[in-house]
Each structure stands twice: as C-alpha cells, then as structure tokens.
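Nothing here was measured: the structure is a model prediction, and the numbers come from that model. Naming convention: chains lettered A, B, ... in sequence-line order (proteins, then strands); numbering from 1 in each chain.
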Amino acid sequence: MKKLIKAKAKGLRKSLEKFAIKIESFKLSSSNMGEFTDLILTEMRDLGFDKVTKDKAGNLIGVIKGYGSKDAIVILSHIDIKTPEQQKAEDVSNSGMTKFRSGIISSIYAGALMKRTMLPMTGDLIISCVPRLGCCDFGTKYLFNDVLKNRVKKIKGVILCEPTDFNINLGHKGMMEYEIVVKGKLNRNFLENRGMNMLGTMFPLISELEKVSKELPNDFNLGRSSLRIKDVSYSGCQPQDEINEFRIVVDRAFIPEETKGYILNRAKAIAKTVYKQEQGITVNTLLAKERIKTYTGLDLVLEKEFKPWSMESHQPFALESLESLNENGFKSNFGYWKKVVTEGSYTYAQLKIPTIGFGAGVEDNIDSSIDSLNLDKIEKASYGQALIVQRNIGMPTFGWSSDEI
Amino acid sequence: MKSKEKKSNILVINCGSSSLKYKIIRMPDEDEIVRGEAERVGIKTQGVSIITHTVLGKKRTIKVLLPNHSIALKKVLELIANDEKENKDIRFDTFAHRYVHPGKFFTKTTKINKMVLTKLKETLPLAPIHNPISYKLLEFCHREKSSIDQFVVFDTAFHKTILPEYSTYVLPLKVIKKYGIRKIGFHGISHQYAMEEACKFFNRDKITQKIISCHLGTGGSSVCAIRSGRSINNSMGFTPLEGLMMNTRSGDIDPGAIFYIMFRECFSPEEAENILNNKSGILGVFNSSSDLRDVIKDIDNNKQAKMTFDMYVRRVRAYISFYSLILKKSDILIFTDSLGVGSSVLRESICENMEFLGPNLDKEKNTKYSEGISEISLSGSETKILVIPTDEEIMIAREAYQRLVKDDLSH
C-alpha cells in the first residue's frame with residue numbers, strides 16, 4: 001500500500017510542479033481573489049475530483065467520493081485574505097502568499113493521490129480551501145454550519161494543512177482582541193480625584209495590565225497566555241464634551257482554561273479596581289468586531305476571536321494518524337503550535353470534531369521566505385496526508401499489497 | 001442463428017495496479033488479432049510510461065503519458081481505432097474485463113449494466129488494490145462506449161464451488177459471519193483454462209475428470225483441486241497470501257509466529273503484513289532474489305538456494321498430496337504459468353517419488369519440453385501430467401463469448 005501511494009505521488013510530481021509555479025507566480029490582491037480561486041478549482045477538476053464547488057463564503061470544496069457514506073475526512077487549507085490596507089503593506093514582499101500556499105497545494109494533491117491510487121474509502125474525502133481574514137475564520141464556520149451541516153456527525157477527522165514540520169499538531173492557544181472602554185466625566189480636563197488629563201488617566205490601567213500579563217496562566221502543552229496592548233485611543237477630552245472616554249485595545253493569547261467571558265470580566269474588574277476612587281466612572285469590556293465584505297459578496301460582522309484548543313494525544317484519530325506516518329518513514333511526534341492559529345479553533349474547540357495539523361514547513365519560518373514552496377516537502381506533505389486518510393477511512397489491504405496475484 | 005456461427009471480436013482487458021494488458025480475440029476461432037500492454041500507468045519510475053502494441057504479430061512501442069488507467073485505456077482504444085482505419089478487421093465489438101473479487105454478489109460472468117455497476121461498487125474493498133481499477137474501467141467503458149456489450153469475468157467465480165468444509169476457517173462463527181471471512185481462492189481463470197485445455201487435449205469430458213492444477217508463477221502461485229469441472233479446493237485463501245511459498249509472499253505460516261514478531265518488534269498490522277506480503281517467500285529465504293529461476297541457477301553451489309528450492313517444492317508437493325487424497329487420486333496433474341511451464345527441474349523435483357499418488361513423470365519428455373501443451377508423464381502413469389501455458393485472456397474471451405451467444409439465443 002505504501003509503495004502504491006508513493007509511486008502515485010511520484011507520478012503526480014510533474015503536475016504538482018506546474019500547479020506550484022502557477023500558485024507562486026500569482027500576485028494575489030484583494031481585487032483578484034476570484035481569479036486565484038478559479039485557478040485552484042480548475043486544478044481540482046483537472047485532477048479528477050468527483051465534485052468541485054465554491055460556496056457563498058468563498059470556500060473551495062473538492063470531493064473524492066468514497067465507496068460508502070460512513071466516516072468522512074476533511075482536509076483544510078486556508079487562503080489569507082487581505083483588506084486593501086493590509087494588502088498595501090504586503091505588496092512590497094508578497095509575503096502573505098508564503099503563509100498558506102504550501103497547504104493548498106499539499107491538500108489538493110493529497111486528494112489527487114487518493115483518487116489516483118483508487119484505494120477504496122469508507123466515506124468521502126473532502127478537500128477544502130477556506131478564506132481567512134485576519135482574526136476571523138468565517139470561511140470555516142460557513143463550511144461546517146452550512147455546506148457540511150448534515151454530515152458533521154459523520155466526519156471522522158479534520159486535517160489542517162498548516163506548518164508542523166511533518167509532526168502532528170494537536171492545538172494552540174486562542175487569540176482574541178478586546179477593548180476596555182472607560183467612560184467618565186472630566187472636570188477642567190482632569191478626572192476629579194486623579195488630577196490627570198485623559199491621556200494620563202490611561203496609564204494606571206496600562207500599567208496594571210502589564211503587571212497582569214506577567215502572571216497569566218500556563219498550559220503544559222500550549223505555553224503561557226499573553227497580553228499585549230495593541231492600541232489606545234481617547235475621545236471627548238474637553239469637559240464640555242458630552243462623553244469623555246478612552247479605549248485600550250488588547251491582543252490576548254489564551255489557553256483553554258480561560259474563557260472569553262472570564263477574560264472580559266477579569267479585564268473589567270481590573271479597570272474597575274484601578275478607578276475605584278473615581279466617581280461616575282463606567283467600565284466596559286467587549287470583544288472586538290470587524291465588518292468584512294467577502295470577495296463573494298457576503299457582508300459580515302465578525303468577532304475577532306480564535307478559540308484555544310488542545311486535543312488529547314490518545315484520541316484515536318490522532319494516534320492512528322501518527323502511526324500511519326511513522327510506519328511509513330516519517331519521524332513524527334505530537335506537537336502544538338506556538339504562534340499560528342488555525343481552523344481547529346472551530347472544528348475542535350467548537351464542534352469537537354477530532355482535528356490534527358500536518359503539513360510542510362516550520363512555524364517559526366512562516367513569515368520568512370525560508371520555507372517558500374519547497375516542492376519536495378510539499379510532495380512529502382501530500383504523501384503523509386494521504387497516508388493519514390488511508391489509515392483512517394481506507395480499507396485494509398492486508399494480503400493484497402502485491403500487484404500480481 | 002446457431003451459436004457456432006456467431007462471430008465476435010472481443011477486447012479483453014486485464015489490469016494490475018500500474019499496468020493494463022489487452023487483447024482482441026476473434027471468437028469462436030480464438031484468433032489473437034491485437035495484443036498489448038500499457039506499463040507504468042500513473043506512477044513515476046526511471047522509465048517512461050509505454051504501450052507495447054502488437055497487431056497481427058507486428059509490434060510497436062509508444063511512449064505516452066499515462067496518468068491513470070482510464071487514460072491508458074483511452075489511448076489503447078485510439079490505437080485500435082487508428083489500426084481499424086488501415087485494416088477493417090482490426091476492430092472489436094465486445095468488451096470483456098477481468099475482475100478479481102466480486103464477493104458474494106456474482107458467481108458467473110455477467111453483462112454490465114447500471115445495476116451491476118452499483119452492486120460491484122460494494123465489492124471494491126474486497127480486493128482493494130485491484131477491484132477499484134477494474135471498476136473504474138468498467139465505468140469508463142459503460143459511459144464512453146455504451147453501445148458496445150461489456151462483460152465482466154471473475155477470477156474467483158471458478159472457486160465458488162469450493163466445499164464449505166474447505167472454505168470455512170476455524171474461527172468463531174460470529175467473526176466469520178460479521179466479516180465474511182472464508183477461503184475465496186484465486187487464479188480461477190487460469191485454473192479453469194488449464195482444466196478445459198487438458199480435457200480437450202485428452203478428449204475427455206470434464207465431468208468425468210479429477211484434476212490438480214498447479215499455477216506456479218514468478219509472482220503468485222496456487223494449486224487447485226478440480227472435480228467434475230468444478231473447483232473444490234484452492235491453496236489460496238481469504239486473500240492471495242495463503243498457500244504456497246511465493247516470490248515475496250510467505251504462504252502458509254503459523255499465525256503465532258506473526259504475533260510473536262509483532263509483539264517483539266512493536267509492529268503494527270500493516271508492518272506485519274508488509275513482511276508477509278513483500279519480504280517473505282523466496283526473497284525472504286534466499287535473500288538475493290525473489291525469482292525461483294535465480295534460485296535454480298545457484299542450486300548446486302549455494303546452500304541457501306538449495307534450501308529455498310526444497311522448501312518451495314515441499315510445499316507444492318504437500319498440496320498435491322492433500323488434493324490427491326481428497327480427490328482419491330487425480331486423473332490429470334497440470335503445470336502452468338511461468339515457473340510451471342518454464343522449469344523442468346522444478347517439475348521433476350515436485351513429481352519425484354510421487355507414483356504412489358498417481359503421477360509418474362517421464363523425465364526425458366519433461367526435459368525436452370519446449371512449448372505448447374504437452375504430456376510429460378510415462379505411458380503407464382495413472383495420473384497424466386501435462387504442461388499447459390496459461391492464457392487467461394482466451395479464457396476471459398471464452399466466458400464473454402458464451403454469455404454473448406446465450407444472450408443472442410435468448411433473444
């Protein structure tokens with residue numbers, strides 16, 4: 001079986017190379033997303049996927065049909081979509097592309113590989129490339145809530161094609177952006193008891209948040225939670241203004257033991273404690289939201305949050321996947337992402353579908369060009385992903401692995 | 001219309017995981033018009049994908065990109081269509097496909113229609129490397145060449161008559177039922193061909209004959225016990241792994257030994273299977289080659305070669321003896337396929353001192369055998385010994401032709 005999959009992977013190499021060149025040379029911008037996605041859809045069709053579609057959220061979906069309708073496997077890669085502002089910043093380097101293109105190629109070719117081997121699968125193999133905008137995984141949510149709604153319970157596992165250096169990753173910290181909004185009434189430009197202007201009024205809270213950031217909890221696998229002040233702003237700085245308020249925007253990485261509600265309440269409590277001497281101060285915390293318009297025309301308001309997740313390593317899907325790799329020449333271990341966030345924040349943290357990450361590339365090099373499009377590694381990643389699929393929804397080939405009977 | 005008058009050019013398709021063999025056979029005369037093989041389909045090796053295409057004995061090789069079996073067949077059909085432009089006799093009107101393992105769904109050659117395809121889909125996991133490829137081609141022909149009759153001939157169908165006491169494994173019935181585990185038997189098309197040819201050769205009715213057929217190939221090998229034209233036992237089992245020692249397959253082995261290795265080496269089932277299927281047999285014992293012909297070359301000056309050869313022979317003899325017992329002596333012993341036909345040394349060693357079971361080899365005839373169907377037993381031998389080069393494609397064509405004629409008559 002290993003020989004068969006490997007031989008077919010070699011057989012697909014030329015085609016993979018051609019596709020990689022197309023992907024690499026494509027200068028992606030917010031205005032030509034449609035062309036880029038068409039490139040991917042065409043490749044899926046050319047490779048003989050049984051079904052190829054694009055949904056309303058812009059998810060690209062290719063299906064390799066199994067002989068039965070039991071457990072399915074979903075392989076997810078993502079496309080980073082940039083706002084026009086982000087695009088301008090990245091135009092110089094085109095570095096945004098390096099972050100996700102390996103995953104797209106390896107996932108599509110893992111599907112093609114299973115198609116070529118014709119090894120029967122008990123359920124469908126669904127390859128999807130989901131759009132992701134900054135801190136919002138709207139594509140994944142739409143895919144699972146709408147397109148795959150009726151088959152979520154039949155999904156045996158999700159493979160995330162993100163950089164894992166050929167290890168199997170089982171989670172990462174969550175990321176959220178929230179705001180602390182402090183409202184009060186200024187008296188002669190100063191808060192009554194502080195004798196400070198609006199700008200100075202923020203400092204005690206900023207200082208307190210910095211202190212808190214050093215005492216955040218730690219998770220053995222995922223690491224320590226973190227807090228970073230992303231932005232500060234204030235408005236209504238004159239006493240005659242109806243409202244005087246300031247906002248602190250916080251980027252927060254957090255571990256599964258902390259919840260969104262807990263974090264927001266804690267931030268609120270900290271701010272209240274800082275300003276407890278003041279009269280008429282109100283404190284609010286809220287998750288940041290972003291209004292986006294997808295390239296397919298959807299107008300959405302999304303919360304900026306990726307939930308943390310950490311799947312147990314004894315989960316059968318994880319174990320079998322690791323075994324399938326190590327039995328076939330990989331030297332994989334379980335690991336966790338330290339920097340990136342993935343669609344596992346929805347598939348595992350929310351939907352509880354067993355989810356693993358497996359892909360080429362090293363997380364630390366994600367923003368550099370070191371790991372840009374190494375074809376050998378991409379081929380190896382698609383081979384590994386195919387092995388994982390075969391182990392989990394393929395039929396046993398015991399007694400049959402010789403070509404000649 | 002009389003059945004013998006019906007003429008048909010049958011395109012026989014027989015594929016492996018990276019190959020596609022084909023022949024156009026004119027029936028009922030069994031004349032071969034076209035033969036060929038697409039090699040290295042969908043894989044990358046040092047050599048490029050090629051189609052070796054032989055028309056009326058004239059051979060040519062075409063280098064061509066063959067990413068999958070459907071494309072390989074499409075190319076083959078193009079080649080045949082081009083040949084037809086030059087010679088109108090180079091054509092076909094019927095497809096006949098070899099299909100390895102139809103499970104319990106089909107026991108005889110079947111005409112393809114949508115319903116049959118749906119049923120066949122359920123059999124894909126039964127021979128997970130071979131069935132899906134054949135299925136794809138059946139689907140392809142059904143879709144692209146719907147006007148052409150298409151038949152599927154099953155490699156295991158001949159063994160449907162294996163007696164339950166031989167096909168049932170000594171396992172808990174619950175497990176057997178749950179997973180459909182039983183001896184299936186393989187090389188059915190080859191054994192059936194050998195049987196038919198043997199009966200034709202001696203002009204005997206197969207109903208009266210007790211035959212042991214040894215299909216000894218450089219890849220897989222099996223022995224089959226045939227009574228009254230029906231297979232009653234076959235050395236292969238639920239999968240082709242059981243039975244004789246083969247090129248890289250272990251054949252019969254104590255399962256306890258496997259569990260022991262798995263335990264000591266922390267092997268998964270897949271790793272254990274890889275040892276049994278790909279690293280054992282002749283390769284495992286002899287080490288430097290998986291081909292018995294290389295073993296035979298070294299037999300006089302290499303102890304390991306001698307032992308490998310003896311092990312191989314002993315296992316074939318064990319099955320012949322067992323089958324002689326259940327047949328209460330056989331009328332005919334057949335040697336077929338590459339080793340069975342190609343090695344007189346092997347045949348002589350297998351038949352040594354076997355007279356008490358019936359076969360009495362004529363050593364001179366055996367040594368002098370060169371080609372075709374030939375008897376190699378002494379005139380007084382109770383069991384006649386025959387060498388028969390196998391031709392699965394002819395057998396597939398015969399099966400399809402019989403169904404075609406039957407369909408015609410019923411209309």
Side-chain angles (χ1 to χ4, degrees), chain A residues 1-18 46-48 50 64-70 112-123 319-329 379 383 387 390-391 393-405, chain B residues 15-19 40-45 49 65-71 100-101 121-136 155 186-187 190 215 217-220 222 236-242 246-249 267-274 276-278 281:
Chain A
M1 192 272 298
K2 171 193 167 188
K3 272 200 285 186
L4 177 67
I5 297 180
K6 203 157 203 169
K8 299 288 179 188
K10 295 283 170 211
L12 280 166
R13 174 65 184 241
K14 266 195 180 162
S15 169
L16 183 147
E17 282 173 9
K18 279 185 194 165
D46 290 349
L47 289 168
D50 297 315
I64 309 291
K65 284 200 169 293
Y67 87 96
S69 57
K70 286 186 187 167
L113 202 42
M114 290 310 291
K115 180 79 184 168
R116 283 283 171 89
T117 59
M118 290 198 265
L119 288 164
M121 298 180 287
T122 54
L319 273 180
E320 285 180 22
S321 301
L322 188 72
E323 274 177 20
S324 68
L325 294 171
N326 289 340
E327 282 162 14
N328 291 296
E379 183 188 317
Y383 170 58
L387 289 171
Q390 163 65 15
R391 169 58 67 92
I393 60 167
M395 295 302 300
T397 56
F398 301 130
W400 284 102
S401 56
S402 305
D403 186 19
E404 202 176 332
I405 295 170
Chain B
C15 43
S17 67
S18 59
S19 65
R40 304 184 196 103
V41 179
I43 60 166
K44 192 185 171 191
T45 58
S49 305
L65 199 65
L66 300 173
N68 59 51
H69 284 77
S70 300
I71 290 175
V100 171
H101 193 345
K121 202 171 181 187
E122 291 181 45
T123 70
L124 300 188
L126 299 175
I129 308 275
H130 303 79
N131 279 1
I133 295 167
S134 303
Y135 182 82
K136 278 282 158 198
D155 197 36
F186 297 93
H187 298 140
S190 173
H215 173 108
T218 45
S222 70
M236 282 181 163
F238 177 64
T239 73
L241 191 49
E242 190 184 345
M246 290 169 252
N247 60 341
T248 59
R249 274 178 266 179
F267 276 169
S268 66
E270 191 160 273
E271 286 168 306
E273 194 263 359
N274 187 32
L276 291 176
N277 228 330
N278 301 311

Point to revise | Heavy-atom contact with chain B under 4.5 Å, split by part of A:Lys115 | key: side chain

Review point. B:Ala127, B:Ser19, B:Gly16: which one forms the most heavy-atom pairs within less than 4.5 Å of chain A?
Key: B:Ala127

If you measure from [atom1] on [X] to [atom2] on [Y], what distance do you get to the nearest 0.5 Å?
| X | Y | atom1 | atom2 | answer |
| --- | --- | --- | --- | --- |
| B:Leu65 | A:Lys14 | CG | NZ | 7.5 Å |
| A:Phe398 | B:Leu276 | CZ | CG | 10.5 Å |
| A:Thr117 | B:Ile133 | OG1 | CD1 | 9.0 Å |
| A:Leu4 | B:Ile129 | CG | CD1 | 5.0 Å |
| B:Glu270 | A:Leu387 | CD | CG | 8.0 Å |

Review point. Which atoms of B:Leu126 come close to chain A, meaning under 4.5 Å heavy atom to heavy atom: side chain ones, backbone ones, both, or neither?
Key: backbone

Review point. For B:Asn278, is it the side chain, the backbone, both, or neither that has a heavy atom closer than 4.5 Å to a heavy atom of chain A?
Key: side chain

Practice item. Taking the side chain as every heavy atom from C-beta outward, state whether B:Asn68 and A:Met118 have any pair of such atoms under 4.5 Å apart. Key: no

Check your understanding: Who are the salt bridge (charged side-chain N to carboxylate O under 4.0 Å, His left out) partners of B:Glu271, not counting sequence neighbours?
Key -> none

Practice item. Test A:Tyr67 against every option in B:Leu124, B:Thr123, B:Asn131 by the side-chain contact (heavy atoms from CB on, under 4.5 Å) rule and name the one that passes. Key: B:Leu124

Review point. Are B:Ser268 and A:Glu323 linked by a side-chain donor-acceptor pair shorter than 3.5 Å?
Key: no

**Study point:** Shortest non-hydrogen contact from A:Pro396 toward B:Pro128
**Key:** O-CG, 3.4 Å

Revision key, fill the gap. By ring pair (Phe, Tyr, Trp, His ring centres under 6.0 Å), B:His130 pairs with (sequence neighbours left out) A:Trp400

